[in-house]
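Please read these numbers as outputs of a predicted model, since none were measured by experiment.
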Amino acid sequence: MIAAAVLLLDAQEGEEAAVRQVIRRVPDLAVADEERVGALARWLRQLYPGEGERVDVLRPDLLAERHATDQLAGHELLRGACYTDLELPRAVQALTVLTRACAHHDRAPELLDQVLRQNLMGLADAAIVAAVQTGTRLGDLLAGALEDVPARVEDLQHIAGQIPYPTVALATADAVVTRRVRALLPADADPADIARWSGQLAVVLAQLGRREEALEAITEAAAVHRTLAEAHPDAFLPDLAMSLNNQSNRLSDLGRREEALEAITEAAAVHRTLAEAHPDAFLPDLAMSLNNQSNRLSDLGRREEALEAITEAAAVHRTLAEAHPDAFLPDLAMSLNNQSGCLSDLGRREEALEAITEAAAVRRALAEAHPDAFLPDLAGSLNNQSNRLSDLGRREEALEAITEAVQIRRALAEARPDAFLPDLAGSLNNQSGCLSDLGRREEALEAITEAAAVRRTLAEAHPDAFLPDLAMSLNNQSNRLSDLGRREEALEAITEAVQIRRTLAEAHPDAFLPDLAMSLNNQSNRLSDLGRREEALEAITEAVQIRRTLAEAHPDAFLPDLAGSLNNQSNRLSDLGRREEALEAITEAAAVYRTLAEAHPDAFLPDLAMSLNNQSGCLSDLGRREEALEAITEAVQIRRALAEAHPDAFLPSLAMSLNNQSNRLSDLGRREEALEAITEAVQIRRTLAEAHPDAFLPDLAMSLNNQSNRLSDLGRREEALEAITEAAAVYRTLAEAHPDAFLPDLAGSLNNQSNRLSDLGRREEALEAITEAAAVYRTLAEAHPDAFLPDLAMSLNNQSGCLSDLGRREEALEAITEAVQIRRALAEAHPDAFLPSLATSLAVLGRALVDLDRVEKGTRYLIEGLSIAVDRDLPELARACTELLRQAHAQDASAVTATWRQVTGEDPPQWLR
């Protein structure tokens with residue numbers, strides 16, 4: 001028992017007298033003579049020798065904690081002696097030891113609950129300190145004791161005042177004690193006290209994510225303050241405005257945007273009136289309300305008004321800070337922080353960066369003078385500064401800023417995990433994005449994985465408060481896994497995010513339907529990556545439906561999101577060969593973005609260019625070549641103008657559109673112009689890759705791939721081979737480092753390299769390249785058949801050609817036969833998407849059979865290919881099949897004629913006779 005008491009009561013920090021005092025806590029030794037107590041003290045020093053007269057107990061010590069817990073469980077008097085009449089440091093130590101023991105001793109939670117209930121008032125302050133240090137277990141046990149242990153309202157008010165805000169570990173205890181105080185106030189209590197405690201209850205309930213209860217509490221506070229203000233406006237109008245301010249926040253948490261704006265607008269009006277009469281007293285409050293009003297206007301997509309409100313708030317705070325810098329510089333920094341966000345929403349990137357840079361500078365100066373007070377705020381501004389730098393394409397600086405934010409928040413979280421772990425997770429989330437922008441994929445995944453782990457732990461303790469954040473991190477984790485080609489894991493992460501957000505949206509649709517739509521959007525992409533096309537379309541269609549409904553109610557806020565989902569829906573429809581529907585979706589997206597860009601060009605011209613880029617692809621798929629070129633040309637023009645103003649941010653996008661413009665020009669036979677466009681794209685991407693190889697080498701390889709095609713179109717065979725050889729070399733290097741992500745691209749380049757080698761008559765090398773491509777695709781298809789069987793069929797199709805060129809006709813027949821089998825199965829499942837490619841392979845198979853003098857069988861496949869080509873309006877393929885049938889007829893007219901009659905029931909057409 002003596003050793004247990006020493007561990008529990010921290011005797012190691014005291015001299016002889018302190019050690020003796022702890023020994024006398026043991027029930028049998030409370031009245032022992034000094035000689036015996038002294039002998040025991042000497043024994044303790046021998047057992048746990050420390051400096052001088054001290055007793056040095058190693059902590060944490062699992063064996064010692066188990067021993068102490070066993071002793072407490074077996075001796076009720078020892079429990080009473082060790083947990084009553086304690087100074088704060090010893091009480092904290094005693095509770096901390098027992099809390100740590102909860103992890104490995106079954107009786108510890110029960111004992112901890114008992115000592116708290118037996119001496120709640122004596123241990124509450126220590127429990128608060130210990131819970132902050134150890135986590136939610138003690139906090140939740142304290143909450144249980146506060147729920148029903150008899151206590152005076154004054155004592156409960158004292159406890160409520162000691163709980164820090166914000167807090168994770170004590171969030172439940174804070175809500176319990178505050179609610180109990182409010183419930184114990186008598187009906188005839190001072191209305192101002194009722195309103196104050198109702199308002200405080202709203203704050204602590206919001207911290208737990210209990211949104212409806214929080215709104216109910218603040219609504220009561222606002223109603224009381226309104227009644228008081230009507231009777232005594234001079235005394236209570238400020239309180240009414242403050243309650244309205246908080247009520248607005250709670251309405252916003254529930255997605256009730258118009259009501260939230262209405263409440264904060266009234267608060268701002270009250271504060272403006274008060275500030276006009278007493279500027280020194282109420283200008284700070286007016287600025288605060290304007291700050292929040294700006295947020296509510298932004299939630300509704302009213303961007304100019306939001307900027308106007310925050311600009312006024314910043315101006316007020318600047319004036320106040322000039323007169324009283326110590327008091328108001330922190331508020332100025334907060335307004336500049338928010339002003340930066342509003343400027344960013346309007347596409348005013350340089351001004352947004354200027355505002356947040358000033359905010360960061362102010363907070364850095366404050367943090368240098370008072371680090372404990374202002375380091376958290378500095379980290380917040382660095383987080384936002386990183387976003388603004390990223391918007392301008394200044395990737396290294398963005399990473400530098402967010403890395404500093406992570407370092408600050410990590411240090412804060414190590415000292416006070418209860419308060420700062422949520423912020424650390426937020427910065428890790430953003431750091432992951434910055435690392436991804438620089439192509440540092442593994443590090444990006446590592447950062448977001450840590451963020452998700454932190455938020456999962458937080459959500460297990462307080463699901464209402466932290467499940468939304470966990471879903472966001474899972475959403476981003478899915479993207480990072482996808483970047484590394486880890487497709488199943490990426491789908492698993494986004495599916496969990498969808499499940500969380502669906503549950504949240506069922507409970508709070510106004511608040512969480514937008515988030516659900518975003519995750520469905522991403523889930524659609526992940527399903528598409530795995531070739532699960534119908535499911536991908538189903539997910540994005542639900543996202544479109546949600547966002548359309550939201551946009552009908554709040555067009556300013558949600559039309560941009562609707563356009564984004566329509567863009568993705570178009571891609572999914574295109575994947576299924578539903579070309580007209582795909583064009584319809586992307587045309588609507590482009591129309592929405594055009595309207596938005598006319599109102600806010602800085603903000604939405606980039607999105608308009610993206611949708612035009614995709615619209616061009618859809619028009620091309622339908623053979624509408626001139627319109628396709630017109631759309632991509634406009635996209636190039638927009639992105640060129642953007643890149644001239646912000647090259648770091650928009651040169652990558654310009655290169656992508658030039659890449660696509662080259663394809664459209666090629667479709668129209670404008671070969672020199674097509675080569676010119678892709679050459680510019682290659683030049684841009686080569687420059688970008690020299691500066692940021694991890695980020696832009698994949699894009700350079702893609703453009704080299706296309707440049708090779710354009711050079712080939714012009715008969716510049718050696719240059720075409722040179723370009724595709726460089727592309728394949730780049731992809732090979734990338735695939736060695738990240739096989740899951742880049743093996744598909746390597747196989748694609750090998751496919752094209754084979755074509756270029758074949759063009760130069762280098763048949764063996766061509767066969768070698770396409771054989772490697774087929775082997776890669778076969779491996780990929782074994783793991784992900786839905787995603788890669790189409791590619792395997794394509795490579796087999798081409799491999800057949802290479803084998804045929806070398807006179808290896810039986811092997812060529814074997815390869816094309818497998819290609820037809822694969823494409824036939826795909827076409828049965830997805831006819832719109834795969835019948836055209838099936839027809840191509842049927843033509844190749846027919847020709848291979850005819851070359852082997854198996855004219856009758858070959859004719860059957862050629863007729864089938866021709867039928868699909870005519871039915872699907874594929875004129876070039878139809879001409880190819882027609883010519884091959886003529887050649888077969890010339891080789892064996894009777895076999896072709898008989899087969900035609902047998903298959904079609906008609907005589908051969910005139911062109912075949």
Side-chain angles (χ1 to χ4, degrees), residues 161 164-166 192 196 199-200 203 225 229 233-246 248-249 264-297 306-343 351-385 388 405 408 412 419 423:
Y165 180 88
R196 179 166 67 88
Q200 181 61 25
V203 171
H225 279 141
D234 291 339
F236 291 107
L237 270 176
D239 295 323
L240 171 61
M242 187 61 66
S243 285
L244 289 167
N245 201 86
N246 292 343
S248 174
N249 291 336
I264 194 60
T265 299
E266 182 182 358
V270 171
H271 278 144
R272 192 178 296 282
T273 300
L274 292 169
E276 289 170 355
H278 306 288
D280 290 339
F282 294 109
L283 270 176
D285 296 326
L286 172 60
M288 178 191 67
S289 286
L290 289 167
N291 199 86
N292 289 350
Q293 186 181 39
S294 172
N295 292 336
R296 299 296 77 80
L297 287 162
L307 178 59
E308 183 180 346
I310 194 61
T311 299
E312 182 182 358
V316 170
H317 280 144
R318 192 177 296 280
T319 300
L320 292 168
E322 288 170 356
H324 306 289
D326 290 338
F328 293 108
L329 272 174
D331 296 324
L332 172 61
M334 179 189 67
S335 287
L336 289 167
N337 201 85
N338 292 351
Q339 186 182 39
S340 173
C342 289
L343 288 163
E351 295 169 87
L353 178 59
E354 183 179 346
I356 194 61
T357 299
E358 183 181 359
V362 170
R363 285 175 163 172
R364 192 178 296 281
L366 292 168
E368 289 171 356
H370 306 290
D372 289 340
F374 294 109
L375 271 176
D377 295 329
L378 172 60
S381 284
L382 288 167
N383 201 89
N384 291 347
Q385 187 181 37
R388 300 295 79 80
I408 291 170
L412 291 168
D423 295 328

S.K.: Going by heavy atoms in the side chains, are His324 and Leu320 under 4.5 Å from each other?
M.R.: no
S.K.: Glu358 pairs by salt bridge (charged side-chain N to carboxylate O under 4.0 Å, His left out) with which of Arg364, Arg318, Arg363, Arg388?
M.R.: Arg318
S.K.: Considering all heavy atoms of both residues, which atom of Leu286 and which atom of Ala268 are nearest to each other, and what is their separation?
M.R.: CD1-O, 3.7 Å
S.K.: Work out which heavy atom in Pro330 is nearest to a heavy atom in Phe374; give both atom names and the distance.
M.R.: CG-CE2, 3.5 Å
S.K.: Report yes if some heavy atom in the side chain of Met242 is under 4.5 Å from a heavy atom in the side chain of His225; otherwise report no.
M.R.: no
S.K.: Check Gly380 against Asn337 and note the closest heavy-atom contact, atom names and distance.
M.R.: O-OD1, 4.3 Å
S.K.: If every non-hydrogen atom of Ser340 is compared with every non-hydrogen atom of Ala352, which pair is closest and at what distance?
M.R.: OG-O, 2.7 Å
S.K.: So, taking the atom named CG in Asp239 and the one named CG in Leu244, what distance separates them when rounded to the nearest 0.5 Å?
M.R.: 11.0 Å
S.K.: Report yes if some heavy atom in the side chain of Ile408 is under 4.5 Å from a heavy atom in the side chain of Leu378; otherwise report no.
M.R.: yes
S.K.: Quick one: OG1 on Thr311 to CG on Asn338, what's the gap to the nearest 0.5 Å?
M.R.: 11.0 Å
S.K.: Minimum heavy-atom separation for Ile356 to Ser381, with atom names?
M.R.: CG1-O, 3.6 Å
S.K.: What's the separation between atom CG in Leu366 and atom CG in Leu329, rounded to the nearest 0.5 Å?
M.R.: 5.5 Å
